[in-house]
Structure formats: structure tokens, C-alpha cells
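Presented below is the structure to which this report refers.
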Amino acid sequence: MPPMDPLAGTTTGPASSDFIRTIVADDQRTGKHAGRVVTRFPPEPNGYLHIGHAKSICLNFGVAVEFGGFCNLRFDDTNPTKEDVEYVDSIQEDVRWLGFDWGERMFYASDYFEALYGYAEQLILDGKAYVDSLTADEIREHRGTLTDPGRNSRYRERPATENLDLFRRMRAGEFPDGVHVLRAKIDMSSPNMNMRDPTLYRIRHATHHRTGDAWCIYPTYDYAHPISDALEGVTHSLCTLEFEDHRPLYDWVIEQTRPPGQPQQIEFARLNLNFTVMSKRKLLALVEQNIVNGWDDPRMPTIAGFRRRGFTPEAIRDFCARIGVAKKENVIDVALLEHTVREDLNRRALRALAVVRPLKVVIENYPEDRTEQVQAINNPEDPSAGTRLLPFSRELFIERDDFMEVPPKKFFRLSPGSEVRLRYAYILKCERVVKDPSGAVIELRCSYDPGSLNGETANRRVKGTIHWLSAREAKDAEVRIYDRLFQSSDPGEGGRDPLTDLNPGSLERVSGCKIEPALAESAPGDRFQFERLGYFCTDPDSRPGAPVFNRTVTLKDSWARIQGK
Ligand code: ATP
Ligand code: MG
């Protein structure tokens, strides 16, 4: 398979092929699994989904659709202490928002607790599992190292009847946490540490979000996962590379328990993004320590965070198609994700004028009582989006940054005596600067060229164009400017705490911003390009008369620049 061109993907076309799709196509052709294709997305409900999960979701649901199969949504809820229904709900919302549908096929590993228990008793009777009563420390000591083989536990040769009795009493709640575990009897000298009699069940007196207190023993991931796959008729169990060394155990569990179904585990490289942490444990720390405002903070790499930030599901799917699926670990530049979002928003976001840091302009030769309407283009990329009228009057707001009293060379915006084009309107000239007693510029006195919109000087060219709003009609808004949450391209590199790599300027809340009147009526989730400023979306914190906008991305495309586009 040739390496994928990361820019080869398209928004609407099918995903390009990759080594997994090649395997699935071969299996279907040769009639393996009777030609069926069933995949699953198996999140543990212990956090919100992040962009790495989106890669797995696009792969699992994508393969199912492309091969006429099914994809199950399965909650891998075998660890009651960390899981919560809030996460179960958010995961469903996020998968749906990304555009995927599991139909009736939503399952929980906890649905299989009874079946999993039955298979465990069978393993005991077959002499393939035993109850170990070593302490956790002893078990660790007996495990050996990568270079030294492990040692057998002194409980390893317990007769099956004794194991069965102990296991049943574990289930019945006779023992406190940690006193016994059920282990597979495989090979303590295996070069693969996962095969050194791995734990199948542990005692955990904890209330489960679905099964309540029905159980006080819980299966491990390595035991529950393959059997859950098999019970659901999963044919291709796609997981990330760190499970490659677990595959012999996956196969062992299937071979020894003989459930209906023969799933096959295939590993692919997980998504890594620079400037981003993706482990749920670390994301939880950001939430719990109030470093961000919840899982859906627009700075979070979670699906919920990106949604609130204004990313589109189409852009995220397109990003996943562009990065492709391969077996080799790599780090993707977060600029590619931002580029993909920009490309999508460029096509469909309506343009609007907004002034984030207003500076007042008075046009001295414009009549005080006049307001005229100028025509503005809603989306130059999409003529069907039409035009709208903007009020223009004697008093305007412009962006503070668009004026400099002492401009450097090549500053083509406004300065004393200079001229600029007001977007969709007239040419403006700065005549005088008004300052407060401290010397700060508080107002510009200007003149305009009355013929420069539709008159005899309409074609007169000046070097700069700036955005503006009519002061009387503009509405107030808060704008939240986001930057990367981490300032290091590899947060936590070399084992240091990623929280030491935080970008102190990742959120700036600016109030007293000015927006076009119509934007005050926008609904949470509406997306716009504020001309010259970037893409923005309306935040759910907006209230009538107090709209809030999030900056999604700037207009500067560092990815396109790197690619020489
Ligand atoms: P994390 O390591 O972020 O805590 P996880 O693997 O523990 O994630 P799960 O809920 O177990 O989270 O993940 C569900 C599925 O998503 C798994 O199949 C997992 O392989 C996949 N997945 C998780 N992170 C990534 C990633 N960065 N890239 C691709 N797939 C991922
Ligand atoms: Mg996991």
C-alpha cells in the first residue's frame, strides 16, 4: 500500500483504502465470516470522547457502511469506580453529532456479566483458570521482568473444585477487595508478559452505574473484550497499536471459552496531535482542577469542545479521512485539523462584520441625520447565499488595531492623513485624532469621499480595506478568543507534568465588542466569518441582548503556508 497523501481526502468522497479495508475486502471476497462485516466502537464511559476517538469512530462506522455491514456502539463498562452515566450520555450525543448511527445496536459489556461469569466457571472446570490468593505486591514480584521469566504462584495448582468454590464465594461477596483474583493459567515464563497468567476477575465492592450492587467481582478488559466481541458477532475488532501484544491473549480467550463467533483483532496506529493531550486521565485532570470550564470547554480536544468551538462534523470526518489509517505511529500537526475546519467554514459560513476592540470614528462631512444602506456579500464562495444591507451613518466603530498614530512603513490601514476603503462602503480619510487627558486615542475625526461608493470616484483605489460598523445600530457582544491550551508541541514530554506546559493566554474574554444588529439574534452553534478576523460561532452562554461568540479559528492558515499553497 503506498503511503497516503494527507491532502488527498475530500469532504464528500469515500475514504481512501487502507490496510484494514484491504483485509476486510479480502475476507469478504474469500467468504470468511460468511461474508459478514461487523465492527464496534467500544468506549469506556469514563470521560468524554476526544478527537482520537473520532478516528476510531470514522474507521469503525466507515468500514461497516462501505462493506454493507454493521457497527455496534458498545460501552465497555467493566470498571465501576471510574464510570458514570454522564459519560454514557455524552458519548451517544457525540457519535450522533459526528454523523453516525448505530440503529438498535447499542450494547454494554455489563449486559454480558452473567455470560462472562459462566465462561469463567467453565475455564476453571477445564483447568484453565485458578483463584490466586497472593497479595498484589506478591503477584507483581512473581511476574518477572522483560528479561526474567515469572514464577508460579503457590496457589496455581489448586484443584478445580476448590477454585470453583472460592470463585463462587468471591461472587457472593464473602471477601474484601484484593484478597483473591481469578487468573488464567497460561505460562508464567512466556516472553509476552500479557500471557503470564493474566488476571480475569478482581473483587471490587463498588456500585456499578447499570448493575448497581448485583456484582462485587468485575472482569478485566482483556477477558471481557474478546468475549463481548464474539457474543455480538463482531468480525473485525479494530483497536489501537498498544493492544498488539494483547492479541495472543485475545485469541487465547476466544479459543478456550469457545463463544459463538470468531472475531479477529486488527491494530492500527492511534491518532497523536501536537500541542494536544489526548489521554482521558489527563483531560479529566484539566476538568477537575478547573483549568478549563468543563469537558466542553472550546479549548479541549474533545468532540464536545470542538462542537462548542464551532468545528463542523464534516470537517472532523474530513480530517480523519485525510490522516488515513496505518500501522505506524506518527504525530499529526494540529494545523492540519485547523486547516480542514477553515476549508469547510470558508465554503459555508456567512460573512459578517464585527469589531472586537472598537474605536469611534466621526465622519465630519457626513450628515448627522442620514442613515443609508450599503450592500454586503453574504458569502463570496457561495453566490446563492445572497446579499444583505448594512446601515452606514456619520458615527462608526472601527477596529482599534486598524489605526496607528505613528504607523510603520507598509501600514496600509488608517493613520493621520491616510485613506482606507471601508468594506462595502466609502473611502475614509483620517483628519484628526481626539485623545483623553492621559493621551490615549479615544476618537478619530474623519472625512469621506461621497463619490467613492457608487459615484464618479467609485473606482479610485486605496491600499487598505478595513471593516466597520455603524455606531447607532451596532449591538454589544462578548467575544472569547481561544488559543492553544498548551504552549509546548509535546505537552508532558519526557514524563514531566503536562500541566506545566499550559499556555497562560489560551483564553481571552473581550467584552464591549460590536456586532451587526442581526447577529444579536443568532442561535448557539451558528457559525460566521467575521471579516478579516476569523471564524466565530455563537456560544450557548449567549442570552437575549448579551450574545457571546467563540473564535473557532483565525483566517491565517499556517498549514496551507507550510504546504506552499
Ligand atoms: P485514552 O487512552 O484517551 O484514555 P482509551 O483508549 O482508554 O482512551 P476507550 O474509551 O477505551 O479510551 O477508547 C475507545 C476506542 O477508541 C478504543 O477502541 C480505542 O482504541 C480508540 N481510541 C482511543 N484513543 C484513540 C486515539 N488517540 N486514536 C485512535 N483511536 C483511539
Ligand atoms: Mg481503553
Side-chain angles (χ1 to χ4, degrees), residues 15 18 20 38-64 71-79 81-84 86-92 94-95 98 100 102 106-110 219-222 224-226 228-229 232 234 236-247 250 263-288 295 300-306 316-317 319-332 334 337 490-492 498:
D18 53 58
I20 289 182
V38 182
T39 58
R40 83 288 170 267
F41 173 62
E44 184 180 355
N46 61 351
Y48 279 58
L49 297 181
H50 52 59
I51 183 75
H53 292 117
K55 173 174 180 174
S56 173
I57 292 167
C58 289
L59 175 64
N60 280 293
F61 281 93
V63 164
C71 179
N72 301 347
L73 174 62
R74 184 199 314 141
F75 292 100
D76 186 6
D77 55 349
T78 54
N79 184 359
T81 55
K82 295 194 173 147
E83 296 162 5
D84 198 280
E86 178 194 350
Y87 302 133
V88 171
D89 294 343
S90 74
I91 288 169
Q92 293 178 58
D94 292 348
V95 174
L98 274 177
F100 298 103
W102 55 88
M106 186 168 90
F107 305 106
Y108 294 85
S110 54
T220 55
Y221 174 89
D222 281 331
H225 203 78
S228 304
D229 282 345
E232 289 175 13
V234 167
H236 299 83
S237 180
L238 312 178
C239 65
T240 37
L241 273 184
E242 67 271 23
F243 290 103
E244 194 164 24
D245 291 344
H246 296 239
R247 190 181 344 129
Y250 185 99
Q264 171 189 5
Q265 175 179 307
I266 306 169
E267 309 86 16
F268 63 95
R270 64 194 296 115
L271 168 64
N272 303 301
L273 272 183
N274 61 6
F275 293 99
T276 309
V277 304
M278 233 170 322
S279 125
K280 279 188 281 190
R281 192 173 48 77
K282 293 174 188 161
L283 296 177
L284 180 65
L286 291 168
V287 173
E288 284 186 333
W295 285 96
M300 289 283 270
T302 52
I303 306 297
F306 286 146
I316 294 176
R317 294 201 304 264
F319 169 73
C320 290
R322 286 176 182 207
I323 59 174
V325 177
K327 204 133 183 139
K328 197 166 160 333
E329 286 288 354
N330 63 353
V331 179
I332 303 289
V334 70
L337 175 60
D490 186 4

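All ligand and atom numbering here is 1-based and tracks the order in the structure.
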Task: Candidate pair Gln92 and Trp102, rule side chain to side chain contact (heavy atoms under 4.5 Å, CB included), full reasoning - done: CA-CA 10 Å; Gln92 293 178 58; Trp102 55 88; 3.8 Å; yes

Task: Backbone of Met278 reached by a side-chain donor or acceptor of His50 within 3.5 Å - done: yes

Open item on the list: With nothing but distance in play, are any N or O atoms of Glu242 less than 3.5 Å from an N or O of ligand 1?
Closed with: no

Task: Backbone N/O of Ala109 and side chain of Asp77: donor-acceptor pair under 3.5 Å - done: yes

- [ ] Would you mind running through ligand 1 and noting each atom that sits below 4.0 Å from a heavy atom of Ser279?
- [x] 3 (O)

- [ ] Tell me which one of Arg270, Lys280, Arg281, Met278 gets a heavy atom nearest to atom 2 (O) of ligand 1.
- [x] Arg270

Open item on the list: Only heavy atoms of Thr240, strictly under 4.0 Å: list the atoms of ligand 1 that pass.
Closed with: 20 (O), 29 (C), 30 (N), 31 (C)

TODO: Using distance alone, decide if ligand 1 has a nitrogen or oxygen within less than 3.5 Å of any nitrogen or oxygen in Lys55.
DONE: no

Task: Separation between SG of Cys71 and NE2 of His236, rounded to the nearest 0.5 Å - done: 13.0 Å

TODO: Look only at interatomic distance and state if His50 has a nitrogen or oxygen under 3.5 Å from any nitrogen or oxygen of ligand 1.
DONE: yes

TODO: Output the list of atoms in ligand 1 that are nearer than 4.0 Å to some heavy atom of Ser56, sorted by atom number.
DONE: 16 (O), 21 (C), 30 (N)

Task: ligand 1 contacted by Phe41 (non-hydrogen, < 4.0 Å) - done: yes

TODO: May I ask you to decide if Phe41's main-chain N or O and Asn60's side chain share a donor-acceptor pair within less than 3.5 Å?
DONE: no

- [ ] Enumerate the atoms of ligand 1 whose separation from the nearest heavy atom of Pro42 is less than 4.0 angstrom.
- [x] 14 (C), 18 (O)

Open item on the list: Please determine whether side chain to side chain contact (heavy atoms under 4.5 Å, CB included) holds for the pair Glu267 and His246, giving the CA-CA distance in whole Å, both sets of side-chain angles, and the decisive distance to 0.1 Å.
Closed with: CA-CA 10 Å; Glu267 309 86 16; His246 296 239; over 6 Å; no

- [ ] List every atom of ligand 1 that sits less than 4.0 Å from any heavy atom of Pro43, numbering the atoms from 1 in the order shown and giving each element.
- [x] 10 (O), 14 (C)

TODO: Determine the minimum heavy-atom distance between Ile51 and Leu271, stating which atoms define it.
DONE: O-CD2, 3.6 Å

